[in-house]
Protein chains: 2
Amino acid sequence: MIGGVAEVESGETAGEDGGPSNGGPPGEKVRQRGPRRDAADNRDRVLDAAATAVRREGIAVPMATIAADAGVGVGTVYRHFPCREALLNALTHRSFELVLAAATRAAEANADAGEPGVEAVRRFLDRTVEHGGDLVMPMRGGPPALDERTVAVQSAVHAQLRALLQAGVRDGSIRADVTAGDLVIFGALLTERLPHVADWNTAARRVIDVYAAGLAPTAPPLRSTPVVPSPS
Amino acid sequence: MIGGVAEVESGETAGEDGGPSNGGPPGEKVRQRGPRRDAADNRDRVLDAAATAVRREGIAVPMATIAADAGVGVGTVYRHFPCREALLNALTHRSFELVLAAATRAAEANADAGEPGVEAVRRFLDRTVEHGGDLVMPMRGGPPALDERTVAVQSAVHAQLRALLQAGVRDGSIRADVTAGDLVIFGALLTERLPHVADWNTAARRVIDVYAAGLAPTAPPLRSTPVVPSPS
DNA sequence: GCTTAAACGGAAGATATCGTCCGCTTAAGT
DNA sequence: ACTTAAGCGGACGATATCTTCCGTTTAAGC
């Protein structure tokens with residue numbers, strides 16, 4: 001359930017300064033060797049443990065718990081992430097990258113197979129449910145301050161989804177008045193398996209299917225009146 | 001935005017022991033007078049402040065912050081709620097009562113006006129979005145241990161929604177393969193206004209409309225194949 | 001195998017938060 | 001107006017958690 005995650009963000013840990021193109025000049029000490037293997041492993045382990053722990057105990061889970069779950073000392077956690085917030089940000093970032101990957105794959109598959117656009121959307125949403133546990137978005141009730149890089153990934157997701165929808169509109173399988181933001185909202189739901197809902201996967205798929213059915217241009221038109229505050 | 005909340009749960013604070021039917025027998029000291037008015041006010045104010053604070057800062061918001069926001073001392077908070085968890089439970093309880101009220105009203109309106117069942121569902125979901133801010137469900141990442149009374153309200157919600165759906169199936173406006181749990185899942189989404197989604201209300205209504213459209217029995221059938229783990 | 005710098009672990013100091021306690025205030029009967 | 005008990009506030013001792021620091025361990029290059 002955690003296995004295939006690391007590769008998604010491979011390359012971001014090392015290539016931070018545009019390459020080791022240092023002739024050796026003055027004052028500036030740049031990283032000579034890449035990170036040790038055990039260090040890289042530990043970083044991933046911490047991230048995985050944090051994802052699980054946050055899902056289990058919420059965003060306020062103690063760093064010590066995360067460290068213990070990862071099988072490392074607290075010091076190691078702080079070596080990789082300067083502070084709690086940095087760790088949570090990294091978590092969020094990883095989640096968005098997974099979502100981006102799902103959106104991208106859905107778009108590609110769609111382009112290749114020439115199936116209706118709505119199918120690509122459906123596949124994207126399915127993937128989101130599948131990833132479920134790995135998608136930890138500590139934005140809920142926590143530090144909503146997404147860092148720069150994460151915002152970038154987020155935009156990429158939007159762009160990818162926009163493309164997906166447009167393809168669907170073009171081939172006539174999706175109504176024109178749906179936005180990428182709608183899909184993000186919908187997808188965010190799917191990352192939050194409500195603890196008390198039994199049979200989550202099945203139920204989630206049903207919700208997806210109903211939504212997908214509603215995407216058809218032949219379905220009833222959307223209302224135009226605004227949602228009123230409280231018509232008593 | 002908080003105004004009409006108190007009455008929903010009026011009566012629960014006082015009538016806890018089945019009525020003041022004490023002839024005066026032995027040892028047992030029962031509450032003689034109801035709660036003072038200022039006390040009741042403060043309880044509500046604390047609850048409101050807690051709802052806002054939790055939404056703003058997350059479930060880990062300090063009790064001191066809640067107290068300050070409510071304009072009372074910490075002591076007062078602890079007078080009304082024995083511990084942090086009790087306060088969060090009360091919050092959850094209140095949320096569910098709001099949802100229950102929305103579901104009940106939707107069902108009644110539907111019975112009276114004789115409109116299609118799917119409209120009642122749509123109205124219910126709309127109400128959920130309207131309440132938005134008041135619906136704080138600290139179940140996410142927090143103490144998921146719902147207390148007995150809250151679970152009862154939750155069941156009532158399910159029952160009401162089940163009735164709503166059945167009516168829709170009967171009048172032919174809703175497909176038969178949707179469950180009350182589906183609506184709960186969907187509704188839960190709507191209580192979580194993602195901070196970064198602009199124009200939330202409009203977007204949420206669009207999502208609702210698409211879902212409602214998908215509820216029509218004429219829409220494409222739901223898939224029967226399970227969501228596969230990862231078809232590479 | 002040896003050297004070295006990176007990485008590790010966990011104790012400990014600094015903070016933050018909890019929940020209690022108790023003297024003062026106030027609503028509500030008489 | 002007076003009495004009384006409920007209610008209030010916020011300082012305070014007890015924890016819980018964060019983050020730093022540094023002696024020890026280990027991967028990687030020679």
Side-chain angles (χ1 to χ4, degrees), chain A residues 13-14 16-17 20 22 24 28-47 49-50 53-54 56-91 138 141-143, chain B residues 13-14 16-17 20 28-47 49-50 53-54 56-91 138 141-143:
Chain A
T13 306
E16 199 65 72
D17 50 295
N22 57 320
E28 271 289 309
K29 207 153 205 176
V30 265
R31 185 188 287 266
Q32 296 288 73
R33 299 187 252 190
R36 260 204 246 169
R37 185 169 327 150
D38 59 345
D41 285 355
N42 276 338
R43 187 179 192 275
D44 285 344
R45 240 185 286 164
V46 168
L47 227 31
V54 165
R56 189 181 62 235
E57 300 186 30
I59 207 169
V61 58
M63 296 293 263
T65 301
I66 295 174
D69 285 5
V72 305
V74 256
T76 301
V77 174
Y78 279 96
R79 163 164 289 273
H80 291 292
F81 307 96
C83 62
R84 164 184 213 67
E85 195 181 353
L87 174 55
L88 294 178
N89 270 333
L91 228 46
Chain B
T13 307
E16 198 64 72
D17 49 296
E28 269 290 309
K29 213 159 200 173
V30 266
R31 186 188 286 265
Q32 295 290 72
R33 299 187 253 188
R36 258 205 248 170
R37 185 166 325 151
D38 60 344
D41 285 355
N42 275 338
R43 187 180 191 274
D44 285 343
R45 240 185 288 165
V46 168
L47 228 29
V54 165
R56 187 183 60 234
E57 300 186 30
I59 205 169
V61 57
M63 296 293 260
T65 301
I66 295 173
D69 285 5
V72 304
V74 254
T76 301
V77 175
Y78 280 99
R79 162 164 291 271
H80 291 292
F81 307 96
C83 63
R84 166 187 212 67
E85 194 181 352
L87 174 56
L88 294 178
N89 270 332
L91 227 48

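Throughout, a chain's letter reflects where its sequence line sits, starting with A, and its residues are numbered from 1.
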Nearest 0.5 Å please: distance from the CD1 atom of I59(B) over to the CG atom of L91(B).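 CG of L91(B) is found 9.0 Å from CD1 of I59(B).
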Applying a 4.0 Å non-hydrogen cut-off, can you work out what R37(A) is touching in the nucleic acid: base, sugar-phosphate, or nothing? sugar-phosphate
State, with a plain yes or no, whether a side-chain heavy atom of I66(A) is found less than 4.5 Å away from one of V74(A). no
Heavy-atom side-chain contact between R45(A) and T76(A) under 4.5 Å: no
Given [options], the nucleotide with the shortest approach to the side chain of [X]:
X      : options                  : result
R84(A) : dA27(D), dA6(D), dT19(D) : dT19(D)
P62(B) : dT17(C), dA6(D), dG10(D) : dT17(C)
R79(B) : dA6(D), dG10(D), dA7(C)  : dA6(D)
V72(A) : dG9(C), dC18(D), dA28(C) : dG9(C)
P35(B) : dC18(D), dA11(D), dG7(D) : dG7(D)
A39(B) : dC8(D), dC8(C), dT20(D)  : dC8(D)

What is the distance from [atom1] of [X] to [atom2] of [N], rounded to the nearest Å?
X      : N       : atom1 : atom2 : answer
M63(A) : dA14(C) : CE    : P     : 20 Å
I66(A) : dG10(C) : CD1   : P     : 17 Å
L87(B) : dT17(C) : CG    : P     : 16 Å
L88(A) : dT17(D) : CG    : C1'   : 14 Å
R43(A) : dA7(C)  : CZ    : C1'   : 15 Å
D41(B) : dT26(C) : CG    : C1'   : 14 Å
Y78(B) : dA6(D)  : OH    : P     : 23 Å

Indicate the atoms forming the closest heavy-atom contact of F81(A) with A90(A), along with that distance. CE2-CB, 3.7 Å
How far apart are the closest heavy atoms of C83(B) and M63(B), and which atoms are they?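 Looking at all heavy atoms of both residues, the shortest contact is C-CE, 4.3 Å.
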Check whether any side-chain N or O of [X] sits under 4.0 Å from OP1 or OP2 of [N], and answer yes or no.
X      : N      : result
H80(B) : dG7(D) : no
N42(A) : dA7(C) : no
T76(A) : dG9(C) : yes

Base of dT26(D) paired with side chain of R36(A) (donor-acceptor, under 3.5 Å):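 Check passes, donor-acceptor contact within cut-off.
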